[in-house]
Amino acid sequence: MARNSHPYVAIEGVIGVGKTTLARLLEARLKATVLLEVFEENPFLADFYGDRQRYAFQTQIFFLLSRYHQQNKAVPEALRQGALVSDYTFAKDELFAWLNLKDDELAMYGRVHAALSEKIPKPDLIVFLRADHDVVMRRIALRDRPYERDMDPQYIRRLAAAYEAWLSNLPDIDVLTLDVSELDFLAHPADLDQAANQIEGALSAQGSRPRPPAASKDLLGQGRLAGYQQFHQVLDESKGFDPDLFFNYILLGEEVGEVARVLVNMWREMRVLAERGRTHEEARQDALDRYRSDLRGELADLLAYTLKLANYAGIDLEQAYQEKMRANIVREWPTERTTVVD
């Protein structure tokens, strides 16, 4: 991951854990610009907390576009001037979508999120604030926002579990976890000093850390499939998805078909471009550029159902993959698998 021109710290955690409070207090300590999430402007939020299933899609799309509009401009501008502290990440929006959306709505959301997220700079460090469930619920009650008064405690539990799974194997971004169950940044300056010192230490360590090699056999042992499997386990249990293996195999087959559909369309585009005078390589690249976003989404769906099948069968997919690939390293492949025939 390319480092930003200045340190960019994003603070994450469940509702009510104290993200905004810490972000504001770090402004002077880190001499940083502060970017705060504008969530109260979402006209669907109160209805969502009352009926999550009915208003989930409207709420998520509004948040997605609002956060994109804010970060697309504010983040690059702030980083040109100095350090930046935000009380949310753009990437976490997808986490909430996975918890709240289903089927076609989730697929549509995913495509929009994937297209927009490529344009948003990633944080150098995510500070994950973790707190005991009772502490979080008490803090939510104390701030007494009208639309949070009937907050479902189980939703907060599922959200906390999803955060843990998401951040435990987040690619390309360092995560610093702080347990804030017994910390009060406003009442006790020493608590703020403790947190700020850890954040500054994590940022300093990044500056002195050597860059990893571009490729290595050792990378085979640094996979993140276990984290993805854990995420899907939390997600599927929270949504009550059917764990039947054969049923999910059928769904996996449907996703293979979707990948095939995109590839067929890409192949047809290549043929048309070639007939118009493009070289084989030019036609291939132009067709791939046109369909890359579609292929990206379908491959992600394919991976998701592969992870589901592994979970429902009790298979550690990361371990299985590593064992298989180590065997493949010394395997002799037939010529038709290694030679491209025009």
Side-chain angles (χ1 to χ4, degrees), residues 1-37 71 74-92 95 120-132 135-136 139 160-214 216 218-219 221-224 226-227 230-231:
M1 177 187 67
R3 294 190 179 107
N4 295 305
S5 53
H6 293 94
Y8 175 14
V9 178
I11 303 173
E12 275 297 355
V14 300
I15 300 162
V17 78
K19 301 184 293 293
T20 303
T21 297
L22 180 58
R24 285 174 169 158
L25 292 172
L26 287 173
E27 179 178 9
R29 177 67 179 254
L30 300 181
K31 298 181 177 59
T33 300
V34 173
L35 180 67
L36 303 179
E37 182 177 9
Q71 291 215 3
V75 171
E77 289 178 1
L79 289 174
R80 282 194 289 269
Q81 300 173 18
L84 172 65
V85 177
S86 176
D87 68 348
Y88 76 103
T89 62
F90 185 81
K92 76 93 176 276
L95 173 68
I120 303 295
K122 293 181 175 63
D124 299 298
L125 177 69
I126 291 179
V127 180
F128 175 47
L129 303 186
R130 176 194 288 147
D132 295 338
V135 172
V136 172
R139 291 177 180 176
Y163 261 115
E164 294 278 356
W166 177 54
L167 292 173
S168 63
N169 283 278
L170 190 66
D172 301 328
I173 303 176
D174 289 345
V175 178
L176 172 65
T177 300
L178 301 178
D179 192 319
V180 297
S181 299
E182 299 182 5
L183 301 183
D184 189 331
F185 299 128
L186 287 172
H188 304 117
D191 291 347
L192 176 62
D193 288 340
Q194 175 184 338
N197 288 337
Q198 291 187 61
I199 293 169
E200 289 172 335
L203 290 172
S204 297
Q206 287 183 343
S208 60
R209 185 186 308 151
R211 294 285 183 162
S216 168
D218 293 340
L219 293 178
Q222 299 176 12
R224 300 186 178 91
Q230 183 184 0
F231 173 78

* Donor-acceptor under 3.5 Å (R139 side chain, G16 main chain) -> no
* **L186: which of D191, T21, L22 passes side-chain contact (heavy atoms from CB on, under 4.5 Å)** => T21
* Asked: Does the side chain of K122 reach to within under 4.5 Å of the side chain of F90, using non-hydrogen atoms?
  -> no
* Would you check, one step at a time, whether the test side-chain contact (heavy atoms from CB on, under 4.5 Å) holds for E164 with R130? => CA-CA 9 Å; E164 294 278 356; R130 176 194 288 147; 2.6 Å; yes
* Taking atom CZ of R29 and atom CD of E27, what is their separation to the nearest 0.5 Å? -> 14.5 Å
* Structure fact -> Rounded to the nearest 0.5 angstrom, the CG-CG distance for L26 and L192 is 6.0 Å
* Asked: At what distance, to the nearest 0.5 angstrom, does OG of S204 lie from CD1 of I199?
  -> 12.0 Å
* Closest approach of L176 to A202 (non-hydrogen atoms, all atoms of both residues) -> CD2-CB, 4.5 Å
* P123 and I173: which non-hydrogen atoms are nearest, and at how many Å? -> O-CG2, 3.6 Å
* What are the two closest heavy atoms between L36 and A23, and how far apart are they? -> CD2-CB, 4.3 Å
* Asked: Any Lys/Arg nitrogen of K19 or E37 sitting under 4.0 Å from an Asp/Glu carboxylate oxygen of the other?
  -> no
* Quick one: do L35 and V85 satisfy side-chain contact (heavy atoms from CB on, under 4.5 Å)? Show the steps, please. => CA-CA 6 Å; L35 180 67; V85 177; over 6 Å; no
* Are any non-hydrogen side-chain atoms of I15 and V136 less than 4.5 angstrom apart? -> no
* Value rounded to 0.5 Å, distance of CH2 in W166 from CD1 in I126 -> 4.5 Å
* Steps toward side-chain contact (heavy atoms from CB on, under 4.5 Å) verdict (F231, L95) -> CA-CA 10 Å; F231 173 78; L95 173 68; 3.5 Å; yes
* Between CG of D132 and CG of D179, what distance do you get to the nearest 0.5 Å? -> 6.5 Å
* Polar side-chain atom of T33 near backbone of L84 as donor-acceptor pair, under 3.5 Å -> no
* Does the pair D87/R24 count as a salt bridge with the N-to-O cut at 4.0 Å? -> no
* To do: Provide the closest heavy-atom pair for H6 versus A83 in the form atom of the first, atom of the second, distance.
  => CB-N, 3.8 Å
* Going by the side-chain contact (heavy atoms from CB on, under 4.5 Å) test, name the single residue among L125, V127, L167 that passes it with V175. => L167
* **Point-to-point distance, once rounded to the nearest 0.5 Å, from CG of L79 to OH of Y8** => 7.5 Å
* Asked: Do Y88 and E12 have a side chain donor and acceptor closer than 3.5 Å?
  -> no
* What heavy-atom pair brings A195 and F185 nearest, and what distance separates the two atoms? -> CB-CE2, 3.7 Å
* To do: Answer whether the closest heavy-atom distance between the side chains of F128 and L178 falls below 4.5 Å.
  => no
